[in-house]
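Single-structure report; data block below.
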Amino acid sequence: MAKSFKEALESGKFVVTAEVGPPKGTDIEEMLHHIDLLKDKVDGLNVTDNQSSVMRLSSISVSHIIKEKGGEPILQMTCRDRNRLALESDLISANILGVDNVLCLTGDYITVGDHVEAMPVFDLDSVLLLKTVRLLESGKDSGGNELKGAARFCAGAIVTPEANPIEPQLLKFEKKIKAGAEFFQTQAIYDLDNFKKFMKYARQFNVKILAGIVLLVSSGMAKYMNANVPGIFVPKDLIDEMAGAEKGKALEKGIEIAGRMIKTLKDENICDGVHIMAIGKEGKVPDILAAAGLA
Amino acid sequence: MIRSITQQKSEEEILRLLEGLVRVFIIGCGTCVTLTHTGGEPEMEAMKEKLSDKGKLITGGVVLPVACDNLTGDALSKHGQQIAQADVLFIMTCAFGVQTVARQLKKLVVPALDTLFIGKETALGQFDEICLQCGACILGETGGICPVTSCHKGLVNGPCGGTNNGKCEIDSAKDCAWTLIYNRLKDLSSLDAMRRFQQPRNHQGEPKPGKLVISAS
(Lines give C-alpha, C1' and ligand atoms only; values in the text may rest on other atoms or scores of the structure.)
Protein backbone atom coordinates (compact mmCIF):
# COMPACT_ATOMS: atom_id res chain seq x y z
CA MET A 1 0.00 0.00 0.00
CA ALA A 2 1.37 3.36 -0.93
CA LYS A 3 -0.41 5.13 1.90
CA SER A 4 0.70 4.91 5.49
CA PHE A 5 -1.76 3.48 7.99
CA LYS A 6 -2.19 6.93 9.52
CA GLU A 7 -2.97 8.43 6.10
CA ALA A 8 -5.48 5.66 5.49
CA LEU A 9 -7.14 6.40 8.84
CA GLU A 10 -7.33 10.10 8.08
CA SER A 11 -8.50 9.66 4.47
CA GLY A 12 -12.00 8.73 5.60
CA LYS A 13 -11.94 5.47 3.64
CA PHE A 14 -13.14 2.20 5.17
CA VAL A 15 -9.91 0.94 6.71
CA VAL A 16 -8.99 -2.74 6.76
CA THR A 17 -6.33 -4.29 8.97
CA ALA A 18 -5.39 -7.93 9.45
CA GLU A 19 -3.01 -9.78 11.70
CA VAL A 20 0.20 -11.76 11.52
CA GLY A 21 1.12 -14.11 14.35
CA PRO A 22 4.89 -14.53 14.69
CA PRO A 23 5.91 -18.20 14.87
CA LYS A 24 7.51 -19.95 17.80
CA GLY A 25 10.95 -20.55 16.36
CA THR A 26 13.19 -19.39 13.59
CA ASP A 27 11.37 -20.97 10.64
CA ILE A 28 9.50 -17.98 9.22
CA GLU A 29 8.68 -19.31 5.76
CA GLU A 30 4.93 -19.65 6.32
CA MET A 31 4.75 -16.25 8.00
CA LEU A 32 6.60 -14.60 5.10
CA HIS A 33 4.08 -16.18 2.75
CA HIS A 34 1.21 -14.66 4.75
CA ILE A 35 2.89 -11.25 4.78
CA ASP A 36 3.36 -11.37 0.99
CA LEU A 37 -0.23 -12.47 0.54
CA LEU A 38 -1.74 -9.73 2.74
CA LYS A 39 0.52 -6.66 2.76
CA ASP A 40 -0.91 -5.05 -0.38
CA LYS A 41 -4.52 -5.98 0.37
CA VAL A 42 -4.88 -4.25 3.74
CA ASP A 43 -4.06 -0.85 5.24
CA GLY A 44 -2.15 -2.28 8.16
CA LEU A 45 -0.92 -5.61 9.49
CA ASN A 46 -0.94 -6.09 13.26
CA VAL A 47 1.92 -8.10 14.66
CA THR A 48 1.01 -9.78 17.93
CA ASP A 49 3.29 -9.56 20.97
CA ASN A 50 3.84 -13.00 22.53
CA GLN A 51 0.13 -13.53 21.98
CA SER A 52 -1.76 -15.31 24.76
CA SER A 53 1.46 -15.17 26.83
CA VAL A 54 3.06 -17.77 24.55
CA MET A 55 6.73 -17.10 23.75
CA ARG A 56 7.30 -16.39 20.04
CA LEU A 57 9.34 -14.19 17.71
CA SER A 58 9.17 -10.57 18.83
CA SER A 59 6.61 -8.22 17.35
CA ILE A 60 9.35 -5.69 16.61
CA SER A 61 11.42 -8.04 14.45
CA VAL A 62 8.38 -9.15 12.45
CA SER A 63 7.09 -5.58 12.12
CA HIS A 64 10.48 -4.66 10.69
CA ILE A 65 10.24 -7.46 8.13
CA ILE A 66 6.81 -6.22 7.04
CA LYS A 67 8.18 -2.68 6.66
CA GLU A 68 11.11 -3.96 4.59
CA LYS A 69 8.64 -5.72 2.33
CA GLY A 70 6.75 -2.46 1.81
CA GLY A 71 3.82 -3.21 4.11
CA GLU A 72 2.40 -1.20 6.99
CA PRO A 73 3.05 -2.97 10.30
CA ILE A 74 1.06 -2.16 13.44
CA LEU A 75 3.31 -3.10 16.34
CA GLN A 76 1.40 -4.65 19.22
CA MET A 77 3.03 -3.95 22.56
CA THR A 78 1.91 -5.44 25.85
CA CYS A 79 2.98 -4.47 29.37
CA ARG A 80 3.26 -8.07 30.56
CA ASP A 81 6.90 -8.83 29.78
CA ARG A 82 8.79 -5.54 30.07
CA ASN A 83 9.14 -2.72 32.56
CA ARG A 84 8.90 0.92 31.48
CA LEU A 85 12.61 1.16 30.74
CA ALA A 86 12.47 -1.77 28.30
CA LEU A 87 9.17 -0.61 26.75
CA GLU A 88 10.51 2.88 26.07
CA SER A 89 13.72 1.47 24.62
CA ASP A 90 11.75 -0.89 22.36
CA LEU A 91 9.43 1.91 21.23
CA ILE A 92 12.26 4.15 20.02
CA SER A 93 14.03 1.11 18.59
CA ALA A 94 10.91 0.24 16.58
CA ASN A 95 10.81 3.82 15.34
CA ILE A 96 14.32 3.73 13.88
CA LEU A 97 13.40 0.48 12.10
CA GLY A 98 10.61 2.38 10.35
CA VAL A 99 7.84 0.98 12.54
CA ASP A 100 5.61 3.88 13.52
CA ASN A 101 2.19 2.38 14.26
CA VAL A 102 1.69 0.94 17.72
CA LEU A 103 -1.22 -0.77 19.45
CA CYS A 104 -0.91 -0.38 23.21
CA LEU A 105 -2.21 -3.31 25.24
CA THR A 106 -2.06 -4.39 28.85
CA GLY A 107 -1.53 -8.00 27.78
CA ASP A 108 -2.92 -11.34 28.87
CA TYR A 109 -1.94 -12.62 32.30
CA ILE A 110 1.16 -14.81 32.34
CA THR A 111 -0.54 -18.01 33.50
CA VAL A 112 -2.68 -18.40 30.35
CA GLY A 113 0.47 -19.04 28.31
CA ASP A 114 3.40 -21.42 28.15
CA HIS A 115 5.81 -19.79 30.64
CA VAL A 116 3.52 -19.92 33.65
CA GLU A 117 6.23 -19.45 36.29
CA ALA A 118 7.66 -16.28 34.70
CA MET A 119 7.30 -12.91 36.40
CA PRO A 120 4.27 -10.93 35.22
CA VAL A 121 5.61 -7.38 34.92
CA PHE A 122 2.71 -4.89 34.37
CA ASP A 123 4.90 -1.98 35.45
CA LEU A 124 2.71 0.10 33.12
CA ASP A 125 -0.81 -0.58 31.85
CA SER A 126 -2.35 0.15 28.44
CA VAL A 127 -3.31 3.71 29.49
CA LEU A 128 0.15 4.49 30.83
CA LEU A 129 1.79 2.93 27.75
CA LEU A 130 -0.22 5.30 25.52
CA LYS A 131 0.89 8.23 27.68
CA THR A 132 4.46 6.99 27.43
CA VAL A 133 4.26 6.94 23.62
CA ARG A 134 3.10 10.57 23.65
CA LEU A 135 5.83 11.46 26.13
CA LEU A 136 8.52 9.99 23.87
CA GLU A 137 7.05 12.09 21.06
CA SER A 138 7.57 15.18 23.19
CA GLY A 139 11.28 14.36 23.27
CA LYS A 140 11.40 13.06 26.82
CA ASP A 141 11.45 9.69 28.53
CA SER A 142 9.50 8.84 31.66
CA GLY A 143 12.53 9.57 33.81
CA GLY A 144 12.25 13.17 32.61
CA ASN A 145 15.39 12.92 30.50
CA GLU A 146 15.84 14.57 27.08
CA LEU A 147 15.90 12.27 24.07
CA LYS A 148 18.35 12.79 21.25
CA GLY A 149 15.62 12.71 18.62
CA ALA A 150 11.95 12.34 19.54
CA ALA A 151 9.71 9.41 18.60
CA ARG A 152 6.76 9.59 16.19
CA PHE A 153 3.83 7.20 16.34
CA CYS A 154 0.30 6.57 15.25
CA ALA A 155 -0.95 5.02 18.49
CA GLY A 156 -4.03 2.96 19.14
CA ALA A 157 -5.64 0.72 21.73
CA ILE A 158 -8.37 -1.86 22.09
CA VAL A 159 -11.87 -1.83 23.54
CA THR A 160 -14.32 -4.62 24.32
CA PRO A 161 -17.86 -3.58 23.31
CA GLU A 162 -19.31 -6.81 24.77
CA ALA A 163 -17.63 -6.42 28.17
CA ASN A 164 -19.85 -7.19 31.13
CA PRO A 165 -20.24 -4.89 32.98
CA ILE A 166 -19.66 -2.36 30.18
CA GLU A 167 -19.52 0.87 32.23
CA PRO A 168 -16.01 0.43 33.75
CA GLN A 169 -14.77 -0.63 30.29
CA LEU A 170 -16.12 2.59 28.77
CA LEU A 171 -14.50 4.72 31.47
CA LYS A 172 -11.20 3.12 30.54
CA PHE A 173 -11.93 3.65 26.83
CA GLU A 174 -12.32 7.38 27.53
CA LYS A 175 -9.12 7.35 29.56
CA LYS A 176 -7.27 5.76 26.63
CA ILE A 177 -8.56 8.51 24.33
CA LYS A 178 -7.37 11.19 26.76
CA ALA A 179 -4.03 9.39 26.99
CA GLY A 180 -3.62 9.77 23.23
CA ALA A 181 -5.22 6.85 21.39
CA GLU A 182 -6.00 7.78 17.77
CA PHE A 183 -7.65 4.52 16.81
CA PHE A 184 -9.25 1.51 18.41
CA GLN A 185 -9.44 -2.07 17.25
CA THR A 186 -12.24 -3.83 19.08
CA GLN A 187 -12.44 -7.29 20.56
CA ALA A 188 -14.39 -9.59 18.23
CA ILE A 189 -17.96 -8.45 17.64
CA TYR A 190 -20.79 -10.56 16.23
CA ASP A 191 -23.92 -8.89 17.59
CA LEU A 192 -24.30 -5.89 15.27
CA ASP A 193 -27.21 -4.40 17.22
CA ASN A 194 -25.11 -4.21 20.36
CA PHE A 195 -22.15 -2.91 18.36
CA LYS A 196 -24.32 -0.15 16.89
CA LYS A 197 -25.21 0.91 20.43
CA PHE A 198 -21.53 1.05 21.30
CA MET A 199 -20.77 3.07 18.17
CA LYS A 200 -23.54 5.54 18.94
CA TYR A 201 -21.69 6.26 22.19
CA ALA A 202 -18.19 6.10 20.66
CA ARG A 203 -19.01 8.54 17.85
CA GLN A 204 -18.91 11.45 20.29
CA PHE A 205 -15.13 11.04 20.45
CA ASN A 206 -12.63 11.97 17.76
CA VAL A 207 -11.17 8.48 17.28
CA LYS A 208 -11.36 5.87 14.56
CA ILE A 209 -13.00 2.56 15.46
CA LEU A 210 -12.13 -0.63 13.60
CA ALA A 211 -14.52 -3.47 14.41
CA GLY A 212 -12.85 -6.76 15.35
CA ILE A 213 -13.83 -9.59 13.00
CA VAL A 214 -12.78 -13.06 14.12
CA LEU A 215 -13.33 -15.73 11.48
CA LEU A 216 -15.62 -18.51 12.69
CA VAL A 217 -14.46 -21.93 11.55
CA SER A 218 -17.16 -24.05 13.22
CA SER A 219 -20.23 -23.78 15.43
CA GLY A 220 -18.14 -25.45 18.14
CA MET A 221 -15.65 -22.60 18.03
CA ALA A 222 -18.49 -20.09 18.50
CA LYS A 223 -19.85 -22.00 21.48
CA TYR A 224 -16.37 -22.36 22.93
CA MET A 225 -15.74 -18.61 22.72
CA ASN A 226 -19.11 -17.85 24.31
CA ALA A 227 -18.26 -20.12 27.22
CA ASN A 228 -14.58 -19.31 27.63
CA VAL A 229 -13.59 -15.95 26.17
CA PRO A 230 -14.75 -12.96 28.22
CA GLY A 231 -16.01 -10.13 26.03
CA ILE A 232 -16.98 -12.30 23.05
CA PHE A 233 -20.61 -13.10 22.38
CA VAL A 234 -21.76 -15.00 19.28
CA PRO A 235 -25.57 -14.77 18.93
CA LYS A 236 -27.57 -17.98 18.54
CA ASP A 237 -28.63 -17.28 14.95
CA LEU A 238 -24.96 -17.18 13.85
CA ILE A 239 -24.18 -20.39 15.76
CA ASP A 240 -27.17 -22.04 14.05
CA GLU A 241 -26.04 -20.73 10.67
CA MET A 242 -22.57 -22.25 11.22
CA ALA A 243 -24.08 -25.53 12.44
CA GLY A 244 -26.31 -25.63 9.36
CA ALA A 245 -23.36 -25.46 6.95
CA GLU A 246 -22.95 -28.44 4.65
CA LYS A 247 -20.46 -31.03 5.89
CA GLY A 248 -16.94 -29.85 5.14
CA LYS A 249 -18.15 -26.36 4.27
CA ALA A 250 -18.07 -24.73 7.73
CA LEU A 251 -15.00 -22.63 6.89
CA GLU A 252 -16.69 -21.33 3.73
CA LYS A 253 -19.73 -20.45 5.84
CA GLY A 254 -17.50 -18.61 8.32
CA ILE A 255 -15.91 -16.65 5.49
CA GLU A 256 -19.38 -15.82 4.13
CA ILE A 257 -20.53 -14.58 7.56
CA ALA A 258 -17.37 -12.49 8.10
CA GLY A 259 -17.70 -10.99 4.61
CA ARG A 260 -21.38 -10.22 5.16
CA MET A 261 -20.68 -8.52 8.50
CA ILE A 262 -17.89 -6.40 7.01
CA LYS A 263 -20.13 -5.39 4.09
CA THR A 264 -22.92 -4.34 6.49
CA LEU A 265 -20.50 -2.36 8.68
CA LYS A 266 -19.21 -0.55 5.59
CA ASP A 267 -22.48 -0.06 3.69
CA GLU A 268 -24.33 1.21 6.75
CA ASN A 269 -21.35 3.37 7.74
CA ILE A 270 -21.44 1.89 11.24
CA CYS A 271 -17.72 2.26 12.00
CA ASP A 272 -14.48 3.38 10.36
CA GLY A 273 -13.14 0.01 9.33
CA VAL A 274 -12.46 -3.55 10.41
CA HIS A 275 -9.65 -5.52 11.97
CA ILE A 276 -9.75 -9.08 10.66
CA MET A 277 -8.40 -11.82 12.91
CA ALA A 278 -8.32 -15.10 11.00
CA ILE A 279 -6.35 -16.89 13.68
CA GLY A 280 -4.44 -19.77 12.10
CA LYS A 281 -6.27 -19.13 8.79
CA GLU A 282 -4.42 -15.99 7.68
CA GLY A 283 -4.42 -17.32 4.12
CA LYS A 284 -8.22 -16.94 4.04
CA VAL A 285 -8.21 -13.16 4.57
CA PRO A 286 -8.32 -12.42 0.81
CA ASP A 287 -11.40 -14.66 0.56
CA ILE A 288 -13.06 -12.72 3.40
CA LEU A 289 -12.26 -9.44 1.63
CA ALA A 290 -13.72 -10.84 -1.59
CA ALA A 291 -16.86 -11.97 0.26
CA ALA A 292 -17.14 -8.43 1.65
CA GLY A 293 -16.83 -6.94 -1.82
CA LEU A 294 -13.57 -5.27 -0.89
CA ALA A 295 -11.16 -7.25 -3.07
CA MET B 1 -5.46 -8.99 62.51
CA ILE B 2 -3.14 -9.52 59.58
CA ARG B 3 -1.31 -12.80 59.48
CA SER B 4 1.57 -14.42 57.72
CA ILE B 5 -0.05 -16.98 55.43
CA THR B 6 1.96 -20.13 54.80
CA GLN B 7 1.77 -23.46 53.01
CA GLN B 8 3.70 -26.65 53.73
CA LYS B 9 6.40 -27.52 51.21
CA SER B 10 6.01 -30.76 49.28
CA GLU B 11 7.32 -33.93 50.91
CA GLU B 12 9.76 -34.28 48.01
CA GLU B 13 11.28 -30.86 48.67
CA ILE B 14 11.36 -31.39 52.44
CA LEU B 15 13.27 -34.65 52.05
CA ARG B 16 15.65 -33.04 49.56
CA LEU B 17 16.38 -30.19 52.01
CA LEU B 18 16.94 -32.68 54.85
CA GLU B 19 19.09 -35.05 52.81
CA GLY B 20 22.13 -36.20 54.79
CA LEU B 21 20.74 -34.65 57.99
CA VAL B 22 19.56 -37.28 60.46
CA ARG B 23 18.92 -35.68 63.86
CA VAL B 24 16.15 -33.10 63.62
CA PHE B 25 14.73 -30.60 66.12
CA ILE B 26 11.35 -29.21 65.09
CA ILE B 27 10.04 -25.72 65.83
CA GLY B 28 6.42 -24.61 65.37
CA CYS B 29 4.63 -21.41 66.27
CA GLY B 30 1.44 -20.65 68.20
CA THR B 31 0.40 -17.67 66.12
CA CYS B 32 -0.17 -17.43 62.35
CA VAL B 33 0.85 -20.98 61.42
CA THR B 34 -1.44 -22.39 64.11
CA LEU B 35 -4.32 -20.48 62.48
CA THR B 36 -3.45 -21.83 59.02
CA HIS B 37 -2.82 -25.35 60.37
CA THR B 38 0.70 -25.42 58.97
CA GLY B 39 2.84 -25.23 62.12
CA GLY B 40 0.78 -25.67 65.30
CA GLU B 41 0.86 -28.60 67.76
CA PRO B 42 -1.10 -31.13 65.63
CA GLU B 43 0.96 -30.36 62.52
CA MET B 44 4.20 -30.69 64.45
CA GLU B 45 3.16 -34.06 65.87
CA ALA B 46 2.22 -35.27 62.36
CA MET B 47 5.53 -34.03 61.01
CA LYS B 48 7.46 -35.86 63.77
CA GLU B 49 5.77 -39.07 62.75
CA LYS B 50 6.31 -38.47 59.04
CA LEU B 51 10.03 -37.73 59.45
CA SER B 52 10.51 -40.68 61.83
CA ASP B 53 9.01 -42.91 59.14
CA LYS B 54 11.60 -41.55 56.73
CA GLY B 55 14.41 -42.54 59.07
CA LYS B 56 14.97 -39.23 60.82
CA LEU B 57 15.70 -39.08 64.55
CA ILE B 58 13.63 -36.39 66.24
CA THR B 59 15.68 -34.94 69.12
CA GLY B 60 12.76 -32.81 70.27
CA GLY B 61 10.32 -30.13 69.32
CA VAL B 62 8.60 -27.02 70.60
CA VAL B 63 5.75 -24.80 69.51
CA LEU B 64 6.94 -21.30 70.36
CA PRO B 65 4.27 -18.78 71.39
CA VAL B 66 5.42 -16.20 68.79
CA ALA B 67 8.40 -17.36 66.73
CA CYS B 68 9.15 -13.94 65.24
CA ASP B 69 9.40 -12.39 68.73
CA ASN B 70 12.72 -11.24 70.17
CA LEU B 71 12.20 -13.61 73.10
CA THR B 72 12.47 -16.63 70.81
CA GLY B 73 16.12 -17.14 71.78
CA ASP B 74 15.20 -17.35 75.48
CA ALA B 75 12.32 -19.73 74.77
CA LEU B 76 14.61 -22.03 72.81
CA SER B 77 17.33 -22.01 75.46
CA LYS B 78 15.12 -24.30 77.57
CA HIS B 79 15.65 -26.94 74.87
CA GLY B 80 19.40 -26.36 74.63
CA GLN B 81 20.43 -29.99 74.93
CA GLN B 82 17.95 -31.32 72.37
CA ILE B 83 18.94 -28.53 70.00
CA ALA B 84 22.64 -29.22 70.52
CA GLN B 85 22.08 -32.88 69.59
CA ALA B 86 20.33 -31.97 66.34
CA ASP B 87 21.97 -31.68 62.90
CA VAL B 88 19.30 -29.25 61.81
CA LEU B 89 16.45 -27.08 63.04
CA PHE B 90 13.37 -27.90 60.96
CA ILE B 91 11.15 -24.86 61.28
CA MET B 92 7.40 -24.95 60.76
CA THR B 93 6.88 -21.18 60.98
CA CYS B 94 6.71 -18.42 58.44
CA ALA B 95 9.95 -17.02 57.02
CA PHE B 96 10.03 -14.36 59.74
CA GLY B 97 10.21 -17.08 62.37
CA VAL B 98 12.86 -18.99 60.40
CA GLN B 99 15.03 -15.90 60.16
CA THR B 100 14.51 -15.00 63.80
CA VAL B 101 15.69 -18.46 64.89
CA ALA B 102 18.60 -18.35 62.44
CA ARG B 103 19.75 -15.05 63.94
CA GLN B 104 19.61 -16.42 67.51
CA LEU B 105 21.25 -19.81 67.10
CA LYS B 106 24.38 -20.96 65.33
CA LYS B 107 22.60 -23.86 63.72
CA LEU B 108 21.54 -24.96 60.24
CA VAL B 109 17.87 -24.10 59.59
CA VAL B 110 15.48 -25.65 57.07
CA PRO B 111 12.01 -24.16 56.51
CA ALA B 112 9.08 -26.58 56.34
CA LEU B 113 6.80 -23.94 54.89
CA ASP B 114 6.61 -21.42 52.09
CA THR B 115 5.45 -17.98 53.16
CA LEU B 116 2.82 -16.92 50.63
CA PHE B 117 1.55 -13.51 51.63
CA ILE B 118 0.42 -11.25 54.43
CA GLY B 119 -3.33 -11.55 54.69
CA LYS B 120 -6.30 -12.44 56.82
CA GLU B 121 -8.90 -15.15 57.20
CA THR B 122 -11.88 -13.81 55.26
CA ALA B 123 -14.08 -16.88 55.67
CA LEU B 124 -13.62 -20.12 57.55
CA GLY B 125 -10.47 -21.71 56.12
CA GLN B 126 -10.07 -19.04 53.44
CA PHE B 127 -7.18 -16.60 53.53
CA ASP B 128 -6.88 -13.56 51.27
CA GLU B 129 -4.04 -11.20 50.60
CA ILE B 130 -5.06 -7.74 51.78
CA CYS B 131 -2.05 -5.51 51.15
CA LEU B 132 1.05 -5.92 49.00
CA GLN B 133 2.81 -3.22 50.99
CA CYS B 134 3.65 -1.41 47.76
CA GLY B 135 4.57 1.81 49.51
CA ALA B 136 2.36 3.96 47.28
CA CYS B 137 -1.19 3.66 48.57
CA ILE B 138 -4.00 4.62 46.16
CA LEU B 139 -6.92 3.41 48.30
CA GLY B 140 -8.14 7.00 48.57
CA GLU B 141 -9.02 6.98 44.88
CA THR B 142 -10.38 3.46 44.57
CA GLY B 143 -13.12 3.49 47.19
CA GLY B 144 -10.93 1.66 49.69
CA ILE B 145 -10.54 -1.42 47.45
CA CYS B 146 -6.96 -2.21 46.44
CA PRO B 147 -6.44 -3.12 42.76
CA VAL B 148 -2.68 -3.42 43.24
CA THR B 149 -3.37 -6.38 45.53
CA SER B 150 -6.63 -7.83 44.28
CA CYS B 151 -6.30 -7.41 40.48
CA HIS B 152 -4.09 -10.18 39.07
CA LYS B 153 -2.32 -7.64 36.88
CA GLY B 154 -2.26 -4.97 39.60
CA LEU B 155 -3.84 -2.51 37.16
CA VAL B 156 -4.28 1.03 38.49
CA ASN B 157 -6.14 2.71 35.60
CA GLY B 158 -9.24 0.56 35.21
CA PRO B 159 -10.18 -2.99 34.20
CA CYS B 160 -8.61 -5.07 31.47
CA GLY B 161 -10.74 -6.76 28.82
CA GLY B 162 -10.92 -9.96 30.83
CA THR B 163 -13.80 -8.99 33.11
CA ASN B 164 -16.24 -11.87 32.87
CA ASN B 165 -19.69 -10.97 34.20
CA GLY B 166 -17.96 -9.10 37.00
CA LYS B 167 -15.55 -11.96 37.70
CA CYS B 168 -11.87 -12.29 36.81
CA GLU B 169 -10.96 -14.28 33.70
CA ILE B 170 -8.00 -15.77 35.58
CA ASP B 171 -10.11 -16.96 38.51
CA SER B 172 -13.83 -17.27 37.89
CA ALA B 173 -14.45 -17.51 41.66
CA LYS B 174 -12.90 -14.10 42.22
CA ASP B 175 -14.64 -10.75 41.75
CA CYS B 176 -13.01 -8.38 39.25
CA ALA B 177 -11.39 -5.75 41.47
CA TRP B 178 -12.31 -2.99 39.02
CA THR B 179 -15.96 -4.02 38.90
CA LEU B 180 -16.01 -3.77 42.71
CA ILE B 181 -14.26 -0.40 42.57
CA TYR B 182 -16.64 0.89 39.91
CA ASN B 183 -19.71 -0.17 41.91
CA ARG B 184 -18.34 1.32 45.11
CA LEU B 185 -17.39 4.65 43.53
CA LYS B 186 -20.75 4.81 41.77
CA ASP B 187 -22.57 4.26 45.08
CA LEU B 188 -20.50 7.04 46.59
CA SER B 189 -21.10 9.35 43.57
CA SER B 190 -17.34 9.50 43.12
CA LEU B 191 -16.78 8.02 39.66
CA ASP B 192 -14.54 10.96 38.77
CA ALA B 193 -11.86 9.26 40.86
CA MET B 194 -11.84 6.48 38.28
CA ARG B 195 -11.42 8.98 35.43
CA ARG B 196 -8.23 10.38 36.92
CA PHE B 197 -4.91 9.07 35.65
CA GLN B 198 -2.92 7.04 38.12
CA GLN B 199 0.79 7.52 37.53
CA PRO B 200 3.18 4.61 37.10
CA ARG B 201 4.00 3.26 40.51
CA ASN B 202 7.18 4.45 42.21
CA HIS B 203 8.90 1.14 42.91
CA GLN B 204 11.27 2.92 45.25
CA GLY B 205 8.26 3.64 47.45
CA GLU B 206 8.90 0.02 48.38
CA PRO B 207 12.69 -0.18 48.30
CA LYS B 208 14.24 -3.61 48.40
CA PRO B 209 15.11 -4.59 51.04
CA GLY B 210 12.49 -2.50 52.85
CA LYS B 211 13.91 -0.38 55.65
CA LEU B 212 12.51 2.51 57.64
CA VAL B 213 14.29 4.46 60.34
CA ILE B 214 12.17 6.74 62.50
CA SER B 215 14.42 9.53 63.67
CA ALA B 216 13.99 10.83 67.18
CA SER B 217 12.94 14.47 66.94
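Reminder, nothing fancy here: chain letters follow the sequence lines and each chain counts from 1.
By the neighbour-count criterion of 12 heavy atoms within 6.0 Å, atom CD of B/E49 is sparsely surrounded, having that number or fewer from other residues, nucleotides or ligands. The neighbour count for B/F96 CZ, taken as heavy atoms of other residues, nucleotides or ligands under 6.0 Å away, does not exceed 12. Around NZ of B/K186, the count of heavy atoms belonging to other residues, nucleotides or ligands within 6.0 Å does not exceed 12. No more than 12 heavy atoms of other residues, nucleotides or ligands lie within 6.0 Å of CD in B/E19, so this atom counts as exposed by the packing criterion. No more than 12 heavy-atom neighbours from other residues, nucleotides or ligands sit within 6.0 angstrom of OH on A/Y224. When the shell of 6.0 Å around CG of A/L85 is examined, it contains 12 or fewer heavy atoms from other residues, nucleotides or ligands. Around the NZ atom of B/K120, the shell of radius 6.0 Å holds no more than 12 heavy atoms that belong to other residues, nucleotides or ligands. Around atom CG of B/N70, no more than 12 heavy atoms belonging to other residues, nucleotides or ligands sit under 6.0 Å away.
Here the shortest heavy-atom pairing between A/Y109 and B/H152 reads CE1-O, 3.3 Å. The two residues B/K153 and A/T106 have their closest heavy-atom pair at CD-CG2, 3.8 Å. Shortest non-hydrogen contact noted between A/P230 and B/E169 is CG-CB, 3.6 Å. What you find for A/K175 and B/R196 is that their closest heavy atoms are NZ-O, 2.8 Å. The two residues A/N164 and B/T163 make their nearest non-hydrogen contact at O-CG2, 3.7 Å. Of all non-hydrogen atoms in B/Y182 and A/E167, the two that sit nearest each other are OH-CB, 3.1 Å.
Neither the backbone nor the side chain of A/Q187 comes within less than 4.5 Å of any heavy atom in chain B. Using a 4.5 Å cut-off between heavy atoms, A/K176 makes no contact with chain B at all. A/R80 does not touch chain B: none of its heavy atoms, backbone or side chain, sits under 4.5 Å away. For a residue to count as touching a neighbouring chain, one of its non-hydrogen atoms must lie under 4.5 Å from one of that chain's; by this rule A/P168 touches chain B with backbone and side chain alike.
With respect to chain A, the highest number of heavy-atom pairs below 4.5 Å among B/N157, B/L191, B/N164 belongs to B/N157. Among A/L128, A/I110, A/D108, the residue making the largest number of heavy-atom pairs under 4.5 Å with chain B is A/L128. Chain B forms more heavy-atom pairs under 4.5 Å with one residue of A/S126, A/P165, A/G231 than with any other, namely A/P165. Most heavy-atom pairs under 4.5 Å with chain A, from the set B/G166, B/P200, B/G158, B/S172: that is B/P200. Options A/A179, A/A163, A/P120 differ in how many heavy-atom pairs under 4.5 Å they form with chain B, and the most are formed by A/A179.
Separating the CG atom in A/L105 from the SG atom in B/C160 is a distance of 11.5 Å, to the nearest 0.5 Å. Rounded to the nearest 0.5 Å, atoms CG (A/L171) and CG (B/D192) are 9.0 Å apart.
With a 6.0 Å cutoff to the six-membered ring centre and a 45° limit on the axis angle, A/K131 counts as a cation-pi contact of B/F197.
In this structure the side chain of A/V112 reaches within 4.5 angstrom of the side chain of B/I170, judged on heavy atoms. Counting heavy atoms from C-beta on, the side chains of A/K172 and B/R195 never come closer than 4.5 Å.
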Test side-chain contact (heavy atoms from CB on, under 4.5 Å) applied to A/D123 and B/H203, step by step: CA-CA 9 Å; A/D123 185 25; B/H203 285 268; 3.1 Å; yes
